[in-house]
Every structure is written in structure tokens, then in C-alpha cells.
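Remember, it's a predicted structure, so these values are computed and weren't measured experimentally. Numbers restart at 1 for each chain; the letters A, B, ... are given by sequence-line order, proteins then strands.
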Protein chains: 2
Amino acid sequence: MLHADVTDAITEAVLDELAEGGIGRLSMEAVARRAGVGKSALYRRWSSRDEMVVAVLSGFSVPRVVTTDTGSLRGDIRAVLAGLEEWLTHPRFSRILPDLVAEQGRRPDLAAAVAEAVGEPRRERGAAVLQRAVERGELPADIDRELALDLLGAPIYWRHSVRRAEVDAEYLDALTELVLRALGAKA
Amino acid sequence: MLHADVTDAITEAVLDELAEGGIGRLSMEAVARRAGVGKSALYRRWSSRDEMVVAVLSGFSVPRVVTTDTGSLRGDIRAVLAGLEEWLTHPRFSRILPDLVAEQGRRPDLAAAVAEAVGEPRRERGAAVLQRAVERGELPADIDRELALDLLGAPIYWRHSVRRAEVDAEYLDALTELVLRALGAKA
DNA sequence: CGACGTCGGAACGGAACCGTATCGTCGCAC
DNA sequence: GTGCGACGATACGGTTCCGTTCCGACGTCG
């Protein structure tokens, strides 16, 4: 039986290495060194470097966004944005995620894993917020949910990870109002 | 005198290698091989791999967005979005850019170069569109330009490069209307 | 107790790459 | 036509990494 704690140590080491050097620079020897583990322990679990990386990254699931029902669309949106900000500000996630995005173009299997583990769950949470607002009568029923969800995630990722600009409370407040207006929310 | 055409061949080779394997996997030997050039030609120009990569990527300037004055904010925004879509869909750019974004977190000098060569010029173009709209009376003068610009670039990058979903004309049309509403544009 | 499987560690041959040095060649300027 | 400088090519010693194969130690289970 493979020791679970060894597997955990390896997983942690892989994520640390990914955060530091990116996927392209990750080496088996460095992972083993950091995990305090023999290379044999790595190859006993995965048959190649790529397989290990994809496996670890596929299991790199995202902390579920807490989309508490605040009772209003404004409150819900603000909460979703705050959760996104917290997620993207996390030291490890914020370093690994952009690399993961870049690698999607080169590894279709990784892209699929990411979509399943990261994209879909998050989108479902966001969709629930919209649905509640529709039921409350705050949003028209024929709203373009696809587009609305893009509008929630995109600006924060763009601003923090792409533009490397600050995302503070004022920004989230202003963005909330902008999104409300874009969606045609009723007062 | 260094031959300009050799420099060009090297630059092309670097960009091709970057598109194929990413920054982390780029090697001097591979670049020289692809460019049909001796390694000496590389080290004659740059003193290290990192210096070469940063130099090439800094010169990897973005094709200026054509922000023709269409006479209306709706037309201008639609044109900006179309330009963005074309840019991000470009086979080479779309592969290099996410990698560049990821690497920004690891190389502050690269981040600065990218901001100067890519971010700023693009934002100035976008700001001009907003300014024209304000002068036309289509937008309030106290509009949050920072936020408005994020709203233009973010969704397309998000959708195409992060989510890997399709960005078609209908999407751009719908996004245009959403942005207009978000900005509080007058009819 | 004894057998088994995983453990960390070390070593292997082979490959890729680094950065430098040194060829002989070619083209241009003087 | 002579000299200079960049050129492609090749080789170098050194490093890093791959993936595999051993080893002795340890723990667990029967």
C-alpha cells in the first residue's frame, strides 16, 4: 500500500515547484528533493513526468466559493466578487493558475481537467446566484447567463493576474454597480 | 555590424519556440537550430537566455488596435472588441500571451516591459474612445475610465484564453450592449 | 517470526543543454 | 587585395535531468 502521507508530501512539492518555476521548468528530481522522497516513490505512483503533473493539477481543485444567499442580487454579486478576489490573491493559486491557463493550449487533456475541476463548479455557483435573482424578480428571466457569468469572473482575473493592478474594496464596490447596471437589474 | 536579417531570423525562432513549448522549455540550442544559426550568433547579441527572452518579448509589440472613429460609442466599442478578438485569435499571439501573463509573476522586469509595450498603448487607445463619447455627450464626464477599460478587455481574454470558449459575432454584439448599459450610455 | 511492500537513497547510462572557445568562410570597406 | 568582423559549425567540460535499477531499513500483516 502506498503511504498517503508520502503522496501528500509529493503533491505539495509539485504545487510548490509549479508556483516557483512553472510547468516547463518542473523536474522530477526537484520534486523528490523538495518532498524529501526518493525518485522511486514518484515513479511508483506515476509513469512519467507529464502524467504526474496532470494528475496533481487535476486534483488541484478550487476552494468552493461561498455564495451565501444575502437576500439581494447586489449582496450576492458583491460576495461572489469578494470570493473571487480572495481566490486569486491566494499566493499559491495566483501563481499556478496563469501557468495552468497557458498550458491548456498545449495539453488538451489538461484543459479538459481544468474545465471540469475549476470552471464548471464555479459557473454553477454563479448560475445559482442569477437564478435566485430571477426568482426574486430582480433580473429578467431571459437574461444571457453565459454572458453574465463572464462578466463576473473576467474583470477580476484580468485586473489581478493579467494587468497586475490592485483589486481593493472600492474596486469591487464599483464593479458590483457596473455589473448590476449591465444586467439590467431592477432596483 | 550585426546582420539585421540574422537578428530577425533569431527573433522569429524565439517566438516560434515560445509558442510551441513556452518560456520554461525554451533552449538556446533549439532556437539556434530553428533559426539556422550558430549559437555564437545568439551570445553575440545577448549575454544570457533570460536576457534574450526578455528582449524578444519586449519587442513583441502588439499590433496597434485600429480604433477608427465610427461616430458613435456603440460603433467604437464594437470595433474595439472586434480588434481584441482578432488579436487574441491570432495563432501566435494567442499561444504566447498566456505564457507571458504567467511569467510576469516570476519576472518583474518582464512584467514592466509587457505593461509598457502592450498594456499602456492599448489602454490609451481605449481611453480615446471613451473620451470621444464623453465629448459627444454619450457618456457622463465622471465615468470611471479605469473600470470601463477593464470591462472592454477582460471578457474577451477571459472567454477565449482562459475558458477556451468560442467568441463569435453574436457574442461581441451582446457584449457591446452589455458594456453600453454598464457604462450608463445615453441613447 | 517471517514475508512482503514501501520507504529513502544512491548510482547508472544516456540525453539535453549551458556558456565558451575555436575553427574556416564569406562579404564588405577601405 | 588586404583586413576585419560576423557568420555557421563543431567541440569542449560541466551541469542537470531522465527513467531505471539496485540496496538496506522499516512497518505492517498474517
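Residues of residues 42-50 of chain B that place a heavy atom closer than 4.0 Å to DNA chain C, in numerical order, are B:Y43, B:R49. Using a 4.0 Å cutoff on non-hydrogen atoms, the parts of residues 3-35 of chain B near DNA chain D are B:H3, B:V6, ordered by number.
Partners of B:R44 according to the side-chain hydrogen bond (donor to acceptor under 3.5 Å, both in side chains) rule, which considers only residues two or more places apart in sequence or in another chain, do not exist here. Residues forming a side-chain hydrogen bond (donor to acceptor under 3.5 Å, both in side chains) with A:E17 (at least two apart in sequence, or on another chain): A:R34. By the salt bridge (charged side-chain N to carboxylate O under 4.0 Å, His left out) test, B:E29 pairs with B:K39, sequence neighbours left out.
Scanning both residues, A:R159 and A:E166, for their nearest heavy atoms gives NE-O, 2.8 Å. Summarising the geometry of A:L149 relative to A:A127, their closest heavy-atom pair is CD2-N, 3.8 Å, with the distance given to 0.1 Å.
If you check the side chains of B:R45 and B:T7, you find a donor sitting under 3.5 Å from an acceptor.
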task: Go through the steps to decide whether B:D16 and B:R95 satisfy the test salt bridge (charged side-chain N to carboxylate O under 4.0 Å, His left out), and finish with yes or no.
output: CA-CA 10 Å; B:D16 281 346; B:R95 294 187 75 88; over 6 Å; no

Side chain to side chain contact (heavy atoms under 4.5 Å, CB included) between A:V53 and A:W46, intermediate numbers included: CA-CA 9 Å; A:V53 171; A:W46 305 280; over 6 Å; no

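Using cut-offs of 30° and 60° for the angle between ring planes, the A:F60 and A:F93 rings count as perpendicular.
Formation of a donor-acceptor pair under 3.5 Å by the B:D76 side chain with backbone atoms of B:T70 is found in this model.
First and last contacting nucleotides of DNA chain D toward chain A (any atom under 4.0 angstrom from a heavy atom, 5' to 3' order): D:dC17 to D:dT20.
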